[in-house]
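So that the names make sense, note that chain A is the first sequence line, chain B the second, and so on, each numbered from 1. Everything numeric in this text was worked out from a predicted model, so none of it was measured.
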Amino acid sequence: MKFGILVNEGPFNHQASDSAYQFTWAALQKGHEIVRVFFYHDGVNNASNLSEPQSDDRNLVKLWSELGQEFDVELMVCVSAGLRRGLTEENLAPGFELSGLGQLIGAGIDSDRLIVFGD
Amino acid sequence: MKFGILVNEGPFNHQASDSAYQFTWAALQKGHEIVRVFFYHDGVNNASNLSEPQSDDRNLVKLWSELGQEFDVELMVCVSAGLRRGLTEENLAPGFELSGLGQLIGAGIDSDRLIVFGD
Amino acid sequence: MTDETPEEFEDDEYVGVVKKFMFINRKAPYGSIYGHEMQETILISTAFEQDVSVVFMDDGVFLLKKGHDTATINMKNVSPAYRAFKGYDIEKLYVERESLDARGLSPNDLLVPVEVLSATELGDLMEQQDIIISA
Amino acid sequence: MTDETPEEFEDDEYVGVVKKFMFINRKAPYGSIYGHEMQETILISTAFEQDVSVVFMDDGVFLLKKGHDTATINMKNVSPAYRAFKGYDIEKLYVERESLDARGLSPNDLLVPVEVLSATELGDLMEQQDIIISA
Amino acid sequence: MILHTVNKSPYERINLDSCLRVARIGCGILLLEDGVIAALATGAAAQALSVALSDKSVYVLGPDLDARGLRECDLVIGIKIVDYDGFVDLVAGYDTVQAWL
Amino acid sequence: MILHTVNKSPYERINLDSCLRVARIGCGILLLEDGVIAALATGAAAQALSVALSDKSVYVLGPDLDARGLRECDLVIGIKIVDYDGFVDLVAGYDTVQAWL
């Protein structure tokens with residue numbers, strides 16, 4: 001089955017990105033297709049290659065980045081929400097790309113299910 | 001009177017930084033002293049010089065930055081919360097500085113009142 | 001309102017696919033950005049010619065309250081974008097009756113015409129959707 | 001637990017100034033980071049030799065719940081830091097009775113000894129503070 | 001006495017309830033941001049605020065009321081409207097501030 | 001039918017109430033993140049969930065229960081525990097997902 005994922009919060013203040021990551025990972029392990037993970041609102045902060053979590057804590061930017069590359073999953077960051085929050089091409093972690101908000105609607109059209117994670 | 005200000009959220013998802021800014025501005029206009037504005041949790045994102053809000057919207061990073069310089073107010077960003085969220089010396093807006101969390105306690109000791117703004 | 005114009009998505013990739021999209025607004029304006037940024041999502045969706053419904057419930061009904069004056073908090077007023085919805089053919093606007101009643105509000109307090117649904121009717125409408133985006 | 005050791009603040013600047021600091025935790029663990037990052041603030045405060053009280057109320061009582069197992073959500077367990085509080089001489093821990101009762105919890109469910117206060121007693125204690133930091 | 005600040009709507013979160021449970025006689029309560037919604041006379045928090053007004057002062061931040069399209073005549077009687085200047089004066093006038101985030 | 005997800009505690013926010021008001025017979029409700037707190041048999045949401053269980057399915061995410069020190073024996077009877085794999089199966093099994101954020 002085809003899933004689209006929307007992440008509305010950054011990797012620290014809320015659990016949204018953790019839950020989205022765990023869900024996405026489990027879905028891939030079960031053989032489902034992830035059409036796209038779209039990052040909106042403060043969710044764009046999940047794509048920042050400047051983030052350096054404590055060494056004994058999980059690193060969600062790295063986890064998403066690796067998942068995106070290993071499973072060839074599109075990790076799309078809303079360009080206008082990102083611009084406001086300081087996300088540019090230069091500080092995107094590998095595997096993430098900036099895109100228009102239309103790609104969120106596209107994810108809804110192309111997916112059998114869209115699942116939203118937020119605060 | 002001496003005020004300390006704590007800001008726990010970034011400049012977009014929540015109104016906390018707006019309220020803190022308006023309060024701080026009003027306090028300065030009334031002749032009060034702002035001992036320190038301390039940015040913690042996602043509040044560190046208020047210091048990012050990479051942030052580019054829409055042209056017709058307020059720019060809280062710039063507003064804080066200007067207030068800090070014009071009134072010589074300490075704008076201190078928790079270095080460890082900042083590191084996790086990608087805030088480093090290189091992307092601090094003018095007037096902000098990275099500091100240890102002890103400066104929050106110091107603000108409490110040095111102020112007559114500490115006011116917390118968050119989600 | 002948005003940095004992107006809907007026009008830039010007018011390609012042929014999605015021609016013919018029409019899904020029922022529902023956008024649900026449940027949070028008050030200004031205290032958080034969700035309603036405001038959701039407006040951009042809703043406007044962009046019009047370029048894809050989908051079957052779009054927009055719901056306001058819980059404190060989301062305050063997004064449509066008449067008389068927002070944001071000058072003294074120095075934030076952008078969300079009202080003009082809702083008034084512009086009609087021009088983008090976004091006409092299916094629903095408000096939950098229970099949310100209005102609990103707040104002592106009536107449809108006359110709202111700045112655009114809406115259809116008022118009971119929680120049960122709203123639940124039935126939700127069940128007909130293909131995609132639900134909430135914030 | 002924290003990147004900074006309290007020791008680095010052991011300068012003489014604040015010697016002799018002792019204020020009553022109260023830290024109030026009202027949010028559940030893991031769903032948001034506030035309780036977790038508040039631990040760092042509380043630990044740092046010990047270097048300043050202030051009169052520190054820590055309150056757990058509303059869903060903040062779950063921060064102290066015994067038996068947290070965070071392996072399957074891949075997040076850091078908040079429990080060890082609370083157990084370490086005693087070693088930092090953070091011994092004034094208060095829990096609101098009404099919050100425990102509403103959740104069907106008792107002090108035996110908590111991983112460290114606490115003093116249970118009624119809402120009224122907690123209000124009186126709050127009124128004695130110089131600085132209150134909440135999140 | 002404490003100045004309690006409440007920045008969340010009573011329809012979204014329980015913050016105001018917690019504040020009112022703990023707040024002592026003579027204290028102040030300032031509603032700001034989405035918290036101003038609690039001040040509506042037609043709303044679900046009106047009764048609790050009326051009770052609170054018998055032995056506490058309740059304030060609401062005018063700029064946040066204006067932003068959300070709410071007016072003075074919509075409010076529970078006895079609640080005082082302040083602007084940011086008034087907010088500053090309240091903080092200076094009470095002894096401590098507790099934010100119910 | 002819809003799978004409703006609720007990620008907030010019923011003691012902090014009104015999300016579960018809103019979900020239960022709108023949710024139709026036969027739908028599924030998944031409690032996750034701080035939302036798992038609602039599933040406690042000794043808690044204030046127990047009664048509402050028991051009623052919901054008469055014509056709806058209620059699930060709780062096990063990893064989030066474990067993290068918060070809650071166990072299966074603490075839960076309202078009838079609520080089913082799922083892991084992330086089970087979460088994926090639920091999403092696939094219901095027709096749509098509505099997140100009560």
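Counting only residues at least two apart or on different chains, no salt bridge (charged side-chain N to carboxylate O under 4.0 Å, His left out) pair has a member in residues 37-52 of chain E. Note on residues 18-30 of chain E: pairs passing salt bridge (charged side-chain N to carboxylate O under 4.0 Å, His left out), not counting sequence neighbours, are D/Asp58-E/Arg21, D/Glu96-E/Arg21, D/Asp124-E/Arg24.
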At a cut-off of 3.5 Å, what donor and acceptor atoms pair up between chain E and chain B?
unit_1: E/Asn7; atom_1: ND2; unit_2: B/Gly118; atom_2: O; d: 2.8
unit_1: E/Lys8; atom_1: NZ; unit_2: B/Asp119; atom_2: OD1; d: 2.7
unit_1: E/Arg13; atom_1: NH2; unit_2: B/Asp119; atom_2: OD1; d: 3.0
unit_1: E/Arg13; atom_1: NH2; unit_2: B/Asp119; atom_2: OD2; d: 3.3
unit_1: E/Glu33; atom_1: OE2; unit_2: B/Ser19; atom_2: OG; d: 2.5
unit_1: E/Asp64; atom_1: OD1; unit_2: B/Gln15; atom_2: NE2; d: 2.7
unit_1: E/Arg68; atom_1: NH2; unit_2: B/Gln15; atom_2: OE1; d: 2.8
unit_1: E/Asp89; atom_1: OD1; unit_2: B/Lys30; atom_2: NZ; d: 3.2
unit_1: E/Asp89; atom_1: OD2; unit_2: B/Lys30; atom_2: NZ; d: 3.4
unit_1: E/Val91; atom_1: O; unit_2: B/Arg113; atom_2: NE; d: 2.8
unit_1: E/Ala92; atom_1: O; unit_2: B/Arg113; atom_2: NH2; d: 3.1
unit_1: E/Tyr94; atom_1: O; unit_2: B/Arg113; atom_2: NE; d: 2.8
unit_1: E/Tyr94; atom_1: O; unit_2: B/Arg113; atom_2: NH2; d: 2.7
unit_1: E/Asp95; atom_1: O; unit_2: B/Arg113; atom_2: NE; d: 3.4
unit_1: E/Asp95; atom_1: O; unit_2: B/Arg113; atom_2: NH1; d: 3.4

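If you measure heavy-atom distances from B/Leu6 to chain E, you find no contacts under 4.5 Å at all.
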CA sep, side-chain torsions, deciding dist, call: B/Phe117, E/Leu101, side-chain contact (heavy atoms from CB on, under 4.5 Å): CA-CA 8 Å; B/Phe117 294 89; E/Leu101 303 177; over 6 Å; no
What's the verdict on side-chain contact (heavy atoms from CB on, under 4.5 Å) for B/Ile115 and E/Val91, showing C-alpha distance, side-chain angles and the deciding distance? CA-CA 8 Å; B/Ile115 308 105; E/Val91 170; 3.8 Å; yes
Name every donor-acceptor pair, under 3.5 Å, that has one atom in a side chain of residues 38-47 of chain E and the other anywhere in the protein, sequence neighbours excluded.
unit_1: E/Thr42; atom_1: OG1; unit_2: C/Arg103; atom_2: O; d: 3.3

